[in-house]
Asker: 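Quick one: the structure is below, questions incoming.
Computed from a predicted model, the values in this text were never measured in an experiment. Atoms considered below: every heavy atom in the structure, side chains included; atoms not considered: hydrogens, waters and symmetry mates.
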Amino acid sequence: EQRAYFYKGDTLVGISTISTGREGYGTPTGSFHIIQKDQNHASSEFGDYDDATGKIVMKEIDRKKDKMPPGCHFDGAKMPYFMRIVGGTGMHEGFLPGYPASHGCIRMPGFMAQAFFRNVSLGTPVEIAN
């Protein structure tokens, strides 16, 4: 469905388009809670390898799979308004192509990620279903 539903108590207060984990990087399902909030989060696993001048040498890499070329540094993918739910998975602002495309996170439009970020606290319950 690629939709998120937001409730205050039993009242539906928002619906957002989302993009979840693509094949091989599924988004976990189940009952979770917000365990971290970071407005300016960057991934420690996914991003780009840049040279000393900041030019991208390898784009959209996975540090577990892609060896860093000599003389490069890692630039983590930006994940604004990150709300961690389990392990490295969270909800954040991101690209929405209309189908599952992330590395497991739940991407949403910027204005919705900002609204959720403002309205959740540590411990807020999150239910993820297929």
Side-chain angles (χ1 to χ4, degrees):
E1 189 177 348
Q2 299 296 287
R3 296 266 186 273
Y5 300 89
F6 299 90
Y7 293 85
K8 281 199 176 185
D10 293 331
T11 304
L12 179 65
V13 295
I15 300 173
S16 179
T17 56
I18 61 172
S19 180
T20 57
R22 66 182 185 235
E23 190 173 330
Y25 293 95
T27 300
T29 58
S31 299
F32 306 97
H33 292 88
I34 301 293
I35 58 174
Q36 178 195 19
K37 290 174 62 176
D38 182 357
Q39 185 172 342
N40 298 303
H41 188 74
S43 177
S44 61
E45 187 173 347
F46 303 104
D48 303 327
Y49 287 140
D50 299 348
D51 67 15
T53 68
K55 180 181 175 192
I56 297 172
V57 174
M58 290 177 68
K59 189 169 182 62
E60 298 177 9
I61 61 91
D62 177 341
R63 288 178 92 176
K64 291 179 181 175
K65 298 177 183 176
D66 302 306
K67 187 176 176 187
M68 185 164 35
C72 288
H73 67 273
F74 174 71
D75 182 22
K78 307 306 179 255
M79 300 175 165
Y81 302 100
F82 186 75
M83 297 156 278
R84 187 180 309 274
I85 56 169
V86 62
T89 303
M91 301 181 291
H92 61 84
E93 178 180 337
F95 177 62
L96 301 170
Y99 51 85
S102 79
H103 289 105
C105 281
I106 301 163
R107 300 178 190 163
M108 58 184 70
F111 72 97
M112 290 302 285
Q114 290 173 37
F116 296 166
F117 192 87
R118 281 192 311 271
N119 286 285
V120 301
S121 57
L122 298 182
T124 297
V126 178
E127 296 286 330
I128 303 173
N130 287 339

Asker: Same cluster or not: Phe6 versus Ile15, using hydrophobic residues (I, L, V, M, F, W, Y) connected whenever any side-chain heavy atoms lie under 4.5 Å apart?
Answerer: no
Asker: How long is the gap from CG on Asp48 to NZ on Lys55, to the nearest 0.5 Å?
Answerer: 13.0 Å
Asker: Could you tell me whether the side chain of Thr27 and the main chain of Gly104 form a donor-acceptor pair under 3.5 Å?
Answerer: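 Side chain of Thr27 to backbone of Gly104, a donor-acceptor pair under 3.5 Å: yes, one is there.
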Asker: Where do Lys8 and Asn119 come nearest, in terms of heavy atoms and distance?
Answerer: NZ-OD1, 3.5 Å
Asker: Give me the ring orientation class for Phe46 and His103: parallel if the planes are under 30° apart, tilted from 30 to 60°, perpendicular past 60°.
Answerer: parallel
Asker: Atom CD1 in Ile18, atom CD in Glu1: separation rounded to 0.5 Å?
Answerer: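 Reported value, rounded in 0.5 Å steps: 8.5 Å.
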Asker: Side chains of Thr17 and Arg3: does their closest heavy-atom pair fall under 4.5 Å?
Answerer: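 Answer yes - side chains close enough.
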Asker: Measure the shortest side-chain to side-chain distance between Tyr49 and Lys67 over non-hydrogen atoms and say whether it is less than 4.5 angstrom.
Answerer: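 Side chain of Tyr49 against side chain of Lys67, heavy atoms only: no contact under 4.5 Å found.
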Asker: Side chains of Gln2 and Thr20, heavy atoms from C-beta outward: is any pair under 4.5 Å?
Answerer: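 A side-chain contact under 4.5 Å exists here.
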Asker: Is there side-chain contact between Ile34 and Met91, with at least one heavy-atom pair below 4.5 Å?
Answerer: yes
Asker: What are the two closest non-hydrogen atoms of Phe117 and Asp38, and how far apart are they?
Answerer: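 Where Phe117 meets Asp38 most closely, the heavy atoms are CE1-N, 3.6 Å.
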Asker: How about Val126 and Ile106: do any of their side-chain heavy atoms sit closer than 4.5 Å?
Answerer: no
Asker: Kindly assign one of parallel, tilted or perpendicular to the pair His41 and Phe82, based on the angle between their ring planes and the thresholds 30° and 60°.
Answerer: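 Plane angle under 30°, so parallel.
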Asker: Looking at every heavy atom in both Arg107 and Ala101, which two are closest together, and how far apart are they?
Answerer: NH2-O, 3.3 Å
Asker: In terms of hydrophobic clustering (I, L, V, M, F, W, Y; side-chain heavy atoms under 4.5 Å; direct or indirect links), are Phe74 and Ile56 co-clustered?
Answerer: no
Asker: Nearest 0.5 Å, please: how far is OG in Ser121 from CE in Met83?
Answerer: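 Going from CE on Met83 over to OG on Ser121, the span is 12.0 Å.
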Asker: Rounded to the nearest 0.5 Å, how far does CE of Met68 lie from CE of Met58?
Answerer: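 CE of Met68 is found 10.5 Å from CE of Met58.
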Asker: Determine the minimum heavy-atom distance between Pro109 and Ser16, stating which atoms define it.
Answerer: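 Scanning both residues, the minimum pair turns out to be CD-OG, 3.2 Å.
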Asker: How close do Ala42 and Gly76 get, counting heavy atoms only, and between which atoms?
Answerer: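 Nearest pair, atom of Ala42 first, then Gly76: CB-O, 4.0 Å.
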Asker: Would you say Arg84's side chain and Ile35's backbone share a donor-acceptor pair under 3.5 angstrom?
Answerer: no
Asker: Do Met79 and Val86 belong to the same hydrophobic cluster, where Ile, Leu, Val, Met, Phe, Trp and Tyr are linked whenever their side-chain heavy atoms lie under 4.5 Å apart, directly or via other members?
Answerer: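 Met79 and Val86: separate clusters.
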Asker: Is there a donor-acceptor contact under 3.5 Å from the side chain of Lys37 to the main chain of Val120?
Answerer: yes
Asker: Given Pro69, which of Asp50, Val57, Asp51 fulfils the side chain to side chain contact (heavy atoms under 4.5 Å, CB included) condition?
Answerer: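 Going through the options one by one, the only one that passes is Val57.
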Asker: Please round to the nearest 0.5 Å and tell me the distance separating atom CG of Leu12 and atom OH of Tyr5.
Answerer: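 Answer rounded to 0.5 Å: 8.5 Å.
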Asker: Between atom CD of Glu45 and atom NZ of Lys65, what is the distance when rounded to the nearest 0.5 Å?
Answerer: 9.0 Å
Asker: I want to know whether Tyr81 and Phe116 have ring centres closer than 6.0 Å.
Answerer: no
Asker: So, for Cys105 and His92, which heavy atoms are closest and what is the spacing to 0.1 Å?
Answerer: CB-NE2, 3.4 Å
